[in-house]
Protein chains: 2
Amino acid sequence: MSVAAIPAAEFQERRERLLDQVRLLDAGGYVLFDPAYIQYFTGFWFLSNERPVVFAQSAAGDAAIFVPEFEVARTRAETDFDRIESYPEYPGLEHPMTILARALADLGLAGTVAVDQDGYPGILGYQGPPLSAVTGASVHSVADVIERMMARKSANEIALIRESGRWCAHAHRLLQEYTRPGVTEAEASLRAGHESTLAMLEALGDSFGGQLGSNDGVKAGYRGQIGRRSAWAHAIAHNIEFRRGDMLVTETGAPVWGYNAELERAMVIGTPTDELRRLFDHVVAAQRVAFDALRPGVTCAAVDGAVMRYFEDNDLLPYWRQHTGHAIGLRNHEAPFLDIGDHTPIETGMVFTIEPGLYDDELGGFRHSDTVVVVEDGIELLTSYPSDLESLTLPLD
Amino acid sequence: MSVAAIPAAEFQERRERLLDQVRLLDAGGYVLFDPAYIQYFTGFWFLSNERPVVFAQSAAGDAAIFVPEFEVARTRAETDFDRIESYPEYPGLEHPMTILARALADLGLAGTVAVDQDGYPGILGYQGPPLSAVTGASVHSVADVIERMMARKSANEIALIRESGRWCAHAHRLLQEYTRPGVTEAEASLRAGHESTLAMLEALGDSFGGQLGSNDGVKAGYRGQIGRRSAWAHAIAHNIEFRRGDMLVTETGAPVWGYNAELERAMVIGTPTDELRRLFDHVVAAQRVAFDALRPGVTCAAVDGAVMRYFEDNDLLPYWRQHTGHAIGLRNHEAPFLDIGDHTPIETGMVFTIEPGLYDDELGGFRHSDTVVVVEDGIELLTSYPSDLESLTLPLD
């Protein structure tokens, strides 16, 4: 099996498109502090912490990555940046932002500078001055330009999300197999994730990338959405033991070169009641409503509105808790949102989760999430897994 | 085995201490947006995403948690907040910040308001106005006050970090056992993490808390610091196969109620060369220098300075790449830093990693990290694991 990483030419093309916008602002260049943005525009993988990593490019096209000194050797070996600038440590005798200011001046960035944000965010105890203060530049945010670019996925990105979806389904099958009364959440989840990660690493080999930690890979679990707690859309885990009659809501994840699909299913242990079947069938139908509504030219709000009308028409609004879905890609959640308040027009290449849910304090939660890409005449599914109740009913032993 | 979670009275005492500072500012109250800060002051565990979760308390002491609607039932069941305010969805028909502004007015927060930051950060596609804009309040940052509070750990916090350290050591022993030539990084790491997590869950039972995901627990691995790549302090994983002669640098993690210790060791596969032994013995000695220098009243800079002098005196500066350590607690890295540029005075109750390292492009990386708490007459170790070369030499089969 083989899936290609994003090629260098595509990163360059992304930077060119951003530069076009930067030049329209008469800015001297742009500076990125957000790790996800740096990854999107350069493909550089790194551990983000209180030590700033910064990417900058001048309007003339000269680019530099700015890293702590101990990252220089690795950056040289693993990337093809023309220019690597560094600082000794954080906080160090001279603040990294002061050193960055000199590097940016050297790169020709002055006057107006486009940024994702005005300095490095205060994560993990980092403190430092805004970029505008250390450079004297007038900063102009292009975060919304970047978010719009990231929302429309390329063919390469879609292929990676599709591959992620395959491994989500693989892990989901194992999770379903290992979930039985008497087993605990952690037991089923750790086993499914462990085996799926090894299978993915073996199958993809060098085609798999973007692993930061030694055990990063495929995940599958419930995050506490077990029994009545399945009614809590964002429950948290408590290593609960599965019991007969439990309603379950799953989640899976499998970043491939950092790209994520989302696949989730409602399941039940043992024979479902009629009441349970009714809500189950309605979420399947509501997902179908969203699939049918999602196409280029309509707004995100219209898709969520169609689902809300379905719920209203079927007296299901008391069971409503969350919007229809969200964009997904390098980040597990991203803009735009399939929400009645988001008026972003849908475009081809956008990738969304479709996951309308129904929640009842007694019966539990009902939600299937699939990942889709918007194409000329509608959508294509990037995840594939049974969604009928029979397939998602678990035996008692 | 039993380890107590932070008791409710301690969270209240933390809030009282923050309120004392807020009243000194003549502020009407405080508002927190950072998930780690909300956890520190309330013990509330939640999934952080583009939907803001906010905690506020008035100078008079009235407090409210502000969550998306679908979190209300869980918040009511799992916490004892007197007041739970909510918004339907993000972005929704009315922006959550607008709804928050009304809730804050209702709580009596106006005029000057103390904040950790002026609004919710732009994570995962979130966009929204600053708090000052929606409320008209004059905001005053107390982030540094909070960081200073968090830097001095209570007896309860220290007990949780010590417990974390025990599980780091447990996982490290397994990682060491499973690491052999021909095995891959992911194989050894997944197996050690999987088994350690199940063992911890069984041993701690209800004493273990703060698990968000189904498979959150103990981790142990190399994050790519294998062979020559061990010279890269922040390498990333590539599922490398271990080979005879590989120099290795480990990392472990085991959050207990969210609190973390750090335990890392340099190891070698097969008989170490004299050259390797020399650098190995020097990092052990440098760690001892830091242990001896760390005590109340000296500065962070002085501790790092003592290590730097040791390196200088032994002609080791060419192998230097990173400072001596960092504070640790609810976050894996936090301020202050044991760095020549950080002049924070050391106080009792501060918890630090002590991890001076030496790095050679050919030989690899050498770093032991242990976690210590500052006490009246010096330090106490919160992690315990052999650090001599004989114990850290792995057999060839």
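All heavy atoms count here, side chains included; hydrogens, waters and symmetry mates do not.
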(message) Is B/Y222 close to chain A through its backbone or its side chain, or both, or neither, when contacts mean heavy atoms under 4.5 Å?
(response) both
(request) Between chain B and each of A/R229, A/H326, A/R331, A/K219, count heavy-atom pairs under 4.5 Å; write down the option with the most. (result) A/K219
(request) Check each atom of B/F208 against the heavy atoms of chain A and say whether the ones under 4.5 Å are side chain, backbone, both or neither. (result) neither
(message) As an exercise: rank B/D144, B/L201, B/D304 by heavy-atom pairs under 4.5 Å with chain A and give me the winner.
(response) B/L201
(request) Give the member of B/E94, B/M150, B/E334, B/Q322 that has the highest number of heavy-atom pairs under 4.5 Å with chain A. (result) B/Q322
(message) Checking side-chain hydrogen bond (donor to acceptor under 3.5 Å, both in side chains) between A/T250 and each of A/H172, A/E264, A/R223, A/R367, which is the one that passes?
(response) A/H172
(message) Between A/S189 and A/A220 (side chain of the first, backbone of the second, donor and acceptor by atom type, cut-off under 3.5 Å), is there such a pair?
(response) yes
(request) Name the option with the most non-hydrogen atom pairs under 4.5 Å to chain A; the candidates are B/L212, B/D116, B/I340, B/D216. (result) B/L212
(message) Give me the atom names and distance for the closest heavy-atom approach of A/T179 to A/A188.
(response) OG1-CB, 3.9 Å
(request) Please flag which part of A/Q225 lies under 4.5 Å from any non-hydrogen atom of chain B: side chain, backbone, both or neither. (result) neither
(request) Check whether A/Q211 gets within reach of chain B through its side chain, its backbone, both or neither, counting any heavy atom under 4.5 Å. (result) both
(message) Let's test your reading of the structure: which of B/G213, B/A335, B/G221, B/G92 forms the most heavy-atom pairs below 4.5 Å with chain A?
(response) B/G92
(message) For B/N49, which atoms come within 4.5 Å of any heavy atom of chain A: side chain, backbone, both, or neither?
(response) side chain
(message) Just so I understand: if I count every heavy-atom pair under 4.5 Å between each of B/E187, B/E89, B/H95 and chain A, which residue has the most?
(response) B/E89
(message) Check this for me: does any side-chain nitrogen of one of A/E195 and A/R191 sit under 4.0 Å from a carboxylate oxygen of the other?
(response) yes
(message) Testing the 3.5 Å rule here: is there a donor-acceptor pair between the side chains of A/E147 and A/Y37?
(response) yes
(message) For chain B, which candidate among A/A237, A/G209, A/P336, A/G357 shows the most heavy-atom pairs at distances under 4.5 Å?
(response) A/A237
(request) Would you tell me whether A/E185 and A/H238 have side-chain atoms, one donor and one acceptor, within less than 3.5 Å of each other? (result) no
(message) Do A/R51 and B/H323 pair up side chain to side chain, a donor and an acceptor below 3.5 Å, judged on atom types alone?
(response) yes
(request) Among the options A/Y126, A/F46, A/W320, A/Y359, pick out the one with the most heavy-atom pairs lying under 4.5 Å from chain B. (result) A/W320
(request) Examine whether an atom of B/E71 lies under 4.5 Å from a heavy atom of chain A, and if so say whether it belongs to the side chain, the backbone or both; otherwise answer neither. (result) side chain
(request) Please determine, among B/E251, B/H234, B/R321, the option with the most heavy-atom pairs under 4.5 Å with chain A. (result) B/H234
(request) Identify the two heavy atoms, one from A/D360 and one from A/A231, that lie closest to each other, and give their separation to 0.1 Å. (result) O-CB, 3.4 Å
(request) Heavy-atom distances under 4.5 Å only: say whether B/N239 touches chain A with side chain, backbone, both or neither. (result) both
